[in-house]
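Shown next, in structure tokens, is the structure this report addresses.
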Amino acid sequence: MPTYPLRNPTSSLPQGVAGPSAHSSQKPIEDALQKRELRLMKNREAARECRRKKKEYVRCLENRVAVLENQNQTLIEELRALKDICRHKVE
DNA sequence: CGACTAGAGCGTCAATCTTG
DNA sequence: CAAGATTGACGCTCTAGTCG
């Protein structure tokens with residue numbers, strides 16, 4: 001469960017704090033709204049960064065796959081050549 | 001053309017992990 | 001333990017490609 005305030009900031013105000021209909025100060029509400037905006041902004045940027053890192057990670061993996069496939073192909077050819085040499089020696 | 005679709009990117013929520 | 005950071009999931013928008 002998140003520890004930060006959810007969608008409706010007024011619903012997460014501390015007990016005894018005036019809601020919108022009360023005629024006392026609006027300050028706590030503004031504070032809560034501001035806090036929410038800040039949280040949304042930070043999470044927006046965090047999500048962007050998270051996606052950037054994930055794409056980078058996938059790119060790295062794809063690159064590694066390409067390298068390993070090349071190595072594998074090289075080894076297959078090397079093995080074929082060695083087998084060929086052995087066959088000629090036996091003959 | 002317009003209708004439809006697949007894929008990419010985005011913002012948000014919520015759960016979980018990390019840190020002071 | 002509270003606050004902040006991270007990330008999977010969802011729904012939305014936009015764009016490029018395809019088809020009738």
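Naming convention: chains lettered A, B, ... in sequence-line order (proteins, then strands); numbering from 1 in each chain.
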Would you check if A:Arg80 and A:Asp84 make a side-chain contact, meaning some heavy-atom pair closer than 4.5 Å? no

Tell me: CE of A:Met41 to C1' of B:dT12, nearest whole Å? 15 Å

Report the C-alpha distance between A:Lys42 and A:Arg39 in whole Å, list the side-chain angles of each, state the deciding distance to 0.1 Å, and finish with yes or no for side chain to side chain contact (heavy atoms under 4.5 Å, CB included). CA-CA 5 Å; A:Lys42 282 188 174 182; A:Arg39 178 173 60 77; 5.9 Å; no

Contact residues, residues 53-66 of chain A to DNA chain B [heavy atom, < 4.0 Å]: A:Lys55

For A:Lys42 and C:dT7, what is the distance between atoms NZ and P respectively, to the nearest whole Å? 17 Å

Residues of residues 43-52 of chain A with a heavy atom under 4.0 Å from any atom of DNA chain B, listed by number, are A:Asn43, A:Arg44, A:Ala47, A:Arg48, A:Arg51

Within a radius of less than 6.0 Å around CD of A:Glu49, do more than 12 heavy atoms belonging to other residues, nucleotides or ligands occur? yes

Side chains of residues 58-74 of chain A: which donor-acceptor pairs under 3.5 Å do they make with residues two or more places apart or in other chains?
{"from": "A:Arg59", "atom 1": "NH2", "to": "A:Glu56", "atom 2": "OE1", "distance (Å)": "3.3"}
{"from": "A:Thr74", "atom 1": "OG1", "to": "A:Asn70", "atom 2": "O", "distance (Å)": "3.0"}

Interatomic spacing from SG in A:Cys50 to CZ in A:Arg52 - rounded to 0.5 Å: 10.0 Å

Would you say A:Arg39 places a side-chain N or O within less than 4.0 Å of OP1 or OP2 belonging to B:dA14? no

